[in-house]
Amino acid sequence: MNIVISQSMYFPWKGYLELISLADIFVIYDDVQFSKGSYTNRVQIKSPNGKQSWLTIPMQGLKFGQKINEIFLKNITAWSTRHLQQLEQAYKSTKYFPEMMEVVKSVLTNDSTNLSDISHKSTIALLEYFGLNDKLNILNACDLGIKGESSQRVFDIVNKLGGTAYITGHGASKYLDHHLFDSHNIEVRYMDYTLESYPQQHGSFIPYVSALDLVANCGKNGKRYIQSESIYWKNFKYET
């Protein structure tokens, strides 16, 4: 039983979809403090000049220590229109531009007023587009009744859900208590991103952009590029 626990991301990059695709259970971890500079409310796209530009969700009345699922959005009409214009400028010449815009428009509606909600919806829309959520069980950490923080809380969630493996991104290597998991026969595994290139417009390939880029350039055939696997923590090369 593979468990993935992660904060929501706004139209995340391909690697985030690869992480979730390895899960049997995906736990949305949005009852934790919002981190300024994270990808919860912003993501990069590739501009016609070959460089990266940001799609950023403006937040309303953000306070220090506020949890992701407590943050509300500024008027969605204004900034969503701007995002659609940025995406049109960047991808209007791609083969699957209409499909990509349909995915975006299905998310950018006035029904969403909360940051966690719209970021989660954007991820689900991408998973559905590529057919990656058919057997995926999605839960909210806040519904599990498990308190605590950091490594101990992550372990408690995985243990409660009957996980035999916890798969995570590289950032967890800085705080995770690997031996706690090992002592309960739960494997900690880190993503081993291949960063495989796919047909992409506007110059040299850039992997760290929204998966909307994959949709626009490759359509549903882009699923074949979502293939990274995970590696046992003892074989993982830690970031410095």
J.: Do Leu176 and Val188 come close enough that some side-chain heavy atom pair is under 4.5 Å?
T.: yes

J.: Could you check whether any side-chain N or O of Ser122 sits under 3.5 Å from a backbone N or O of Met9, counting only pairs where one atom can act as donor and the other as acceptor?
T.: yes

J.: What residues form a salt bridge (Lys or Arg N to Asp or Glu O under 4.0 Å) with Arg42, not counting sequence neighbours?
T.: none

J.: Taking atom OG1 of Thr113 and atom CD1 of Ile76, what is their separation to the nearest 0.5 Å?
T.: 9.0 Å

J.: I'd like to know if the side chain of Gln7 and the backbone of Asp30 have a donor-acceptor N/O pair within less than 3.5 Å.
T.: no

J.: Quick one: list whatever passes salt bridge (Lys or Arg N to Asp or Glu O under 4.0 Å) with Asp24, sequence neighbours left out.
T.: none

J.: I'd like to know if the side chain of Ser80 reaches the main chain of Leu108, judged simply by a donor and an acceptor atom lying under 3.5 Å from each other, with no hydrogens or angles considered.
T.: no

J.: Can you sort out the partners of Lys46 under salt bridge (Lys or Arg N to Asp or Glu O under 4.0 Å), two or more places apart, ordered by chain and number?
T.: none

J.: Can you pull out every salt bridge (Lys or Arg N to Asp or Glu O under 4.0 Å) where at least one residue sits in residues 147-159? Sequence neighbours excluded, please.
T.: Asp31-Arg153

J.: When rounded to the nearest 0.5 angstrom, what is the spacing between CG in Leu115 and CG in Asn69?
T.: 9.5 Å

J.: May I have all residue pairs that pass side-chain hydrogen bond (donor to acceptor under 3.5 Å, both in side chains) and include part of residues 90-109, sequence neighbours excluded?
T.: Tyr91-Asp213, Ser93-Gln201, Glu99-Tyr129

J.: Among pairs that include at least one residue of residues 119-133, which meet salt bridge (Lys or Arg N to Asp or Glu O under 4.0 Å), considering only residues two or more places apart or in two chains?
T.: Asp117-Lys121

J.: Counting only N and O atoms by type, is there a donor-acceptor contact under 3.5 Å from the side chain of Asn137 to the main-chain atoms of Ile25?
T.: no

J.: Got a sec, which residues hit ring-ring contact (aromatic ring centres under 6.0 Å, His included) with His202, two or more places apart in sequence or on another chain?
T.: none

J.: Does a side chain donor of either Thr40 or Ser8 reach within less than 3.5 Å of an acceptor in the other side chain?
T.: no

J.: Look up atom CD1 in Ile231 and atom CZ in Phe236, then write down how far apart they are to the nearest 0.5 Å.
T.: 8.5 Å

J.: In terms of the angle between their ring planes, are Tyr10 and His83 parallel, tilted or perpendicular, with boundaries placed at 30° and 60°?
T.: tilted

J.: Just to verify, what does Phe181 make a ring-ring contact (aromatic ring centres under 6.0 Å, His included) with, not counting sequence neighbours?
T.: Phe155, Tyr166

J.: Look only at the side chain of Asn140 and the backbone of Cys142, and say whether a donor-acceptor pair between them is shorter than 3.5 Å.
T.: no

J.: Using 0.5 Å steps for rounding, measure from the CG atom of Leu19 to the CD atom of Glu229.
T.: 11.5 Å

J.: Do side-chain atoms of Ser151 reach the backbone of Asp177 as a donor and acceptor pair under 3.5 angstrom?
T.: yes

J.: What's the spacing between Ile167 CD1 and Ile20 CD1 if we round to 0.5 Å?
T.: 11.5 Å

J.: Show every salt bridge (Lys or Arg N to Asp or Glu O under 4.0 Å) that has at least one partner inside residues 185-195, sequence neighbours left out.
T.: Glu187-Arg189

J.: For residues 203-210, dump all side-chain donor-acceptor pairs below 3.5 Å to protein atoms at least two apart in sequence or in another chain.
T.:
unit_1: Ser210; atom_1: OG; unit_2: Phe11; atom_2: O; d: 2.8
unit_1: Ser210; atom_1: OG; unit_2: Leu212; atom_2: N; d: 3.0

J.: Under the rule for side chain to side chain contact (heavy atoms under 4.5 Å, CB included), what residues qualify as partners of Pro98, not counting sequence neighbours?
T.: none

J.: Once you round to the nearest 0.5 Å, how far does CZ of Phe97 lie from CG of Leu87?
T.: 8.0 Å

J.: Is the shortest side-chain heavy-atom distance between Asn185 and Thr164 below 4.5 Å?
T.: no

J.: Is the number of heavy atoms from other residues, nucleotides or ligands within 6.0 Å of CD (Gln33) greater than 12?
T.: yes

J.: For Lys160, look at atom NZ and say whether over 12 heavy atoms of other residues, nucleotides or ligands are found less than 6.0 Å away.
T.: yes

J.: Would you say that more than 12 heavy atoms from the other residues, nucleotides or ligands in this model lie under 6.0 Å from the CZ of Phe64, or not?
T.: no

J.: Under the ring-ring contact (aromatic ring centres under 6.0 Å, His included) test, which residues partner Tyr16, sequence neighbours left out?
T.: none

